[in-house]
2 protein chains.
Amino acid sequence: MATIYDVARQAGVSAATVSRVVNGRASVDAALTARVQQAMRDLDYRPNALARNLRRQRTSIWAVIISDIGNPFFTSMVRGVEDVAQGAGYSVVLCNSDEDPAKEARYVAAALAEQMAGVIISSTGKPANVNRLIEAGTPVVAIDREVRGAAVDSVLVDNEHGAELAVEQLIAAGYQRIACISGPRRLPTAQQRQRGWAKALRAHRRPATDDLVRYGDFRQEGGYQAMAALLDEGEQPDAVFVANNLMTVGAMECLVDRGIPVPDRMGVVGFDDIPWAHLVRPSLSTVVQPTYELGRTAALLLAERIAEPTRPPSTVTLRTELKVRESSARSAAS
Amino acid sequence: MATIYDVARQAGVSAATVSRVVNGRASVDAALTARVQQAMRDLDYRPNALARNLRRQRTSIWAVIISDIGNPFFTSMVRGVEDVAQGAGYSVVLCNSDEDPAKEARYVAAALAEQMAGVIISSTGKPANVNRLIEAGTPVVAIDREVRGAAVDSVLVDNEHGAELAVEQLIAAGYQRIACISGPRRLPTAQQRQRGWAKALRAHRRPATDDLVRYGDFRQEGGYQAMAALLDEGEQPDAVFVANNLMTVGAMECLVDRGIPVPDRMGVVGFDDIPWAHLVRPSLSTVVQPTYELGRTAALLLAERIAEPTRPPSTVTLRTELKVRESSARSAAS
DNA sequence: CTGTTAGCGCTTTCAA
DNA sequence: TTGAAAGCGCTAACAG
């Protein structure tokens with residue numbers, strides 16, 4: 001690999017001049033600029049970002065640490081981040097923590113060691129990881145999941161309200177015993193959605209007892225098992241609110257396997273959409289989150305924090321919306 | 001951020017000794033080691049990877065450049081890569097080229113500038129990008145998509161054979177005019193799958209003419225449009241082989257919208273599975289790829305190439321398997 | 001406008 | 001076993 005000195009020699013100038021040309025700096029003589037550019041082409045010169053970053057004490061890469069790359073939720077979120085990042089001159093790399101705090105810790109350590117310019121993180125729930133970033137002075141924005149015990153810019157959605165909407169709809173459709181498949185207890189999103197479920201039920205004087213709740217892992221398999229548990233353990237719900245998209249798919253799968261017709265014998269509403277929700281039969285009613293906007297907003301916030309590191313952290317909460325499809329619209333009352 | 005010199009001062013040793021401790025090097029006196037470790041803890045010292053990498057002339061990060069993070073195909077592939085990488089002491093970052101050669105070029109440039117230890121790439125089809133890596137001496141492995149015009153380690157699947165299996169099954173089920181929704185013309189995977197379709201048809205003396213082929217973009221929307229075109233332009237196929245998973249979903253969507261019953265009036269087989277293929281009604285028959293294994297194998301190949309940079313490139317081809325579900329199993333002959 | 005010089009933080013000879 | 005010193009490739013003062 002050619003270095004800046006090779007280029008300098010070839011062009012008959014100093015390394016500083018090459019550096020100026022590379023960085024489009026102030027008035028370098030046109031003739032020299034041309035010579036340098038020619039030399040760079042001849043030598044196929046590529047600046048070594050490692051050296052540059054070391055010297056500058058900053059990089060131009062953002063890390064997005066997501067908790068499950070298998071969740072389509074993140075697909076469009078990442079696009080939102082990328083679009084903003086690119087406009088602001090940053091590259092984005094994705095790190096998949098797979099809901100594993102240890103894996104997340106490794107990526108946080110890497111982001112720190114590599115002096116990443118900023119981090120957007122959908123936390124697995126360990127505030128320690130986020131705090132490590134903050135203490136080291138790395139600009140960071142929490143996305144999707146609030147991080148308790150860390151003063152950090154955050155972009156969230158109104159989880160509780162979205163869950164209420166979902167349950168209200170099930171109630172309006174005439175369902176009586178509405179269960180909840182919640183997520184990992186440590187995750188605020190799961191807690192908030194479960195709380196929304198309970199709140200809506202209580203508002204209508206319906207039971208919102210523990211035996212109507214099961215906890216999954218936010219994966220398809222977890223949804224399947226939670227649904228099975230609900231069915232097997234004699235609670236006899238006639239509807240279920242599922243706190244995340246992948247688990248909703250799993251729950252549906254279970255219902256299909258058991259031959260329980262949806263929505264007639266079981267109403268289903270899930271939190272967060274899936275791109276093919278309407279292809280599934282019956283099509284899935286879901287609480288839709290503005291995923292792209294979530295990513296965009298987080299990126300904007302990150303850019304602002306980088307520009308102004310000392311300003312107090314802010315939280316943006318985006319609205320969710322209920323999309324009623326077939327799975328929650330019973331044709332006949334029970 | 002504390003530097004190695006801060007630690008050295010605090011522990012009353014030289015920076016070299018700290019470095020030795022950090023890197024677990026040869027015999028450093030036990031007492032000194034203890035003092036250094038204490039100092040590191042006191043100062044919350046984290047080695048600066050930029051400086052280290054600059055000095056060592058290598059990093060411990062692999063970049064995986066994928067063409068569409070929205071495709072579940074990549075989810076499990078990435079897990080395969082991560083599992084091997086971690087065992088070998090590397091971190092993995094994901095870059096989403098979004099099927100855009102320009103975006104891909106940017107990530108290749110970044111990988112080069114950041115002196116990434118290796119790259120696994122599902123190419124958008126521009127050999128130039130891959131060649132840039134090879135010429136710069138960066139270890140690289142092509143995954144899923146062969147790169148023509150580049151001598152590179154590759155992990156592929158038997159696309160042509162998988163497509164043949166799919167079409168054979170449609171023929172066996174009694175379908176007569178079997179269309180093909182192929183992918184971007186520039187992509188070898190699309191070409192190979194289309195070729196497999198044609199080969200199977202010819203083997204049975206069936207027409208495999210151009211008017212039975214439409215080209216999508218490997219996205220859901222493209223599949224929808226291609227299906228619509230097939231329907232609207234008077235070809236009247238009674239079955240369709242779709243060259244990728246997302247497009248299969250789009251095609252199904254179109255069929256639902258048009259009220260065309262699958263598999264009775266239209267048989268469908270797609271290439272590459274989706275995690276919820278059996279939830280869709282009718283459930284989707286697909287050619288299944290060993291995605292996790294694909295990732296694993298690519299990672300293994302990359303590790304080997306890093307260890308032995310001069311060995312000739314090798315290509316590993318993995319087998320596909322046909323999973324027959326409802327969408328290709330017509331109950332009554334036409 | 002251009003070149004000289006001094007590091008960024010780390011590792012690695014080379015001596016002691 | 002330990003330390004001093006050089007230098008990875010680049011940028012940013014500072015002179016000229």
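In what follows, chains carry the letters A, B, and so on, assigned in the order in which the sequence lines appear, proteins first and then strands, with residues in each chain numbered from 1.
- At a threshold of 4.0 angstrom between heavy atoms, the contacts of A:N53 with the nucleic acid are absent.
- For B:V13, taking side-chain heavy atoms from C-beta onward, the closest of the listed nucleotides D:dG3, C:dG9, D:dA12 is D:dG3.
- When the P atom of C:dC10 is taken as reference, atom CD of B:Q115 falls 18 Å away, rounded to whole Å.
- Of the candidates A:L156, A:L187, A:I121, A:L187 is the only one forming a side chain to side chain contact (heavy atoms under 4.5 Å, CB included) with A:R145.
- With distances taken from any side-chain atom of A:A15 to the nucleotides D:dG9, D:dT11, C:dC10, the minimum falls on D:dT11.
- In this model, the phosphate group of D:dT11 is approached by a side-chain N or O of A:R52 to a distance below 4.0 Å at OP1 or OP2.
- Within 4.0 Å of A:R58, counting heavy atoms only, lies no atom of the nucleic acid at all.
- Between B:R46 and B:M40, the closest side-chain pair of non-hydrogen atoms is not below 4.5 Å.
- Residues A:D42 and A:Q38 bring a donor and an acceptor atom of their side chains to less than 3.5 Å of each other.
- Protein atom CZ of B:R25 is 8 Å distant from nucleotide atom P of C:dT11, rounded to whole Å.
- Of all the heavy atoms in B:L301 and B:S314, the pair that sits closest is CD1-OG, 4.1 Å.
- The nearest heavy atom of DNA chain D to A:L50 and to B:A30 marks one nucleotide each, and the one closer to the 5' end goes with B:A30.
- For the pair A:R46 CZ and D:dC10 C1', the interatomic distance rounds to 17 Å; values are reported in whole Å.
- Nucleic acid contact class of B:V22 (heavy atoms, under 4.0 Å, all strands): none.
- In this structure, B:E104 and B:T124 approach most closely via the heavy-atom pair OE1-N, 2.8 Å.
- Within the nucleic acid shown, B:L32 comes within 4.0 Å of sugar-phosphate atoms alone, with no base atom in reach, counting heavy atoms only.
- OP1 or OP2 of D:dC10 sits under 4.0 Å from a side-chain N or O of A:Y45.
- Residue B:S19 places at least one side-chain N or O under 4.0 Å from the OP1 or OP2 atom of C:dT11.
- Per the geometry, CZ belonging to B:R56 stands 20 Å off P belonging to D:dG7, to the nearest Å.
- Remark: of the listed residues A:R185, A:E146, A:R148, A:R148 is the sole one forming a side-chain hydrogen bond (donor to acceptor under 3.5 Å, both in side chains) with A:Q191.
- Between the C1' atom of D:dG7 and the CG atom of A:N48 lies a distance of 14 Å, rounded to the nearest Å.
- A:V28 comes within contact range of the sugar-phosphate backbone alone, with a heavy-atom separation under 4.0 Å but no base atom that close.
- Side-chain atoms of A:N23 lie closest to D:dT11 of the nucleotides D:dA6, D:dC10, D:dT11.
- Residue order along DNA chain D, read from the 5' end via each residue's closest nucleotide, puts A:M1 first among A:A16 and A:M1.
- Distances from the side chain of A:D29 to the nucleotides D:dG9, C:dT2, D:dT11 place C:dT2 closest.
- Residues A:T17 and A:Q57 both approach DNA chain C. Their nearest nucleotides, taken by heavy-atom distance, put A:T17 toward the 5′ side.
- When rounded to the nearest whole Å, the span between CD1 of B:I4 and P of D:dC8 equals 18 Å.
- We find that CE of A:M40 is positioned 17 Å from P of D:dG9, with the value rounded to whole Å.
- For D:dG3, the base has a donor-acceptor partner in the side chain of B:R20 [N/O atoms by modelled type, under 3.5 angstrom].
- As a whole-Å value, the separation of A:L54 CG from D:dC8 P is 13 Å.
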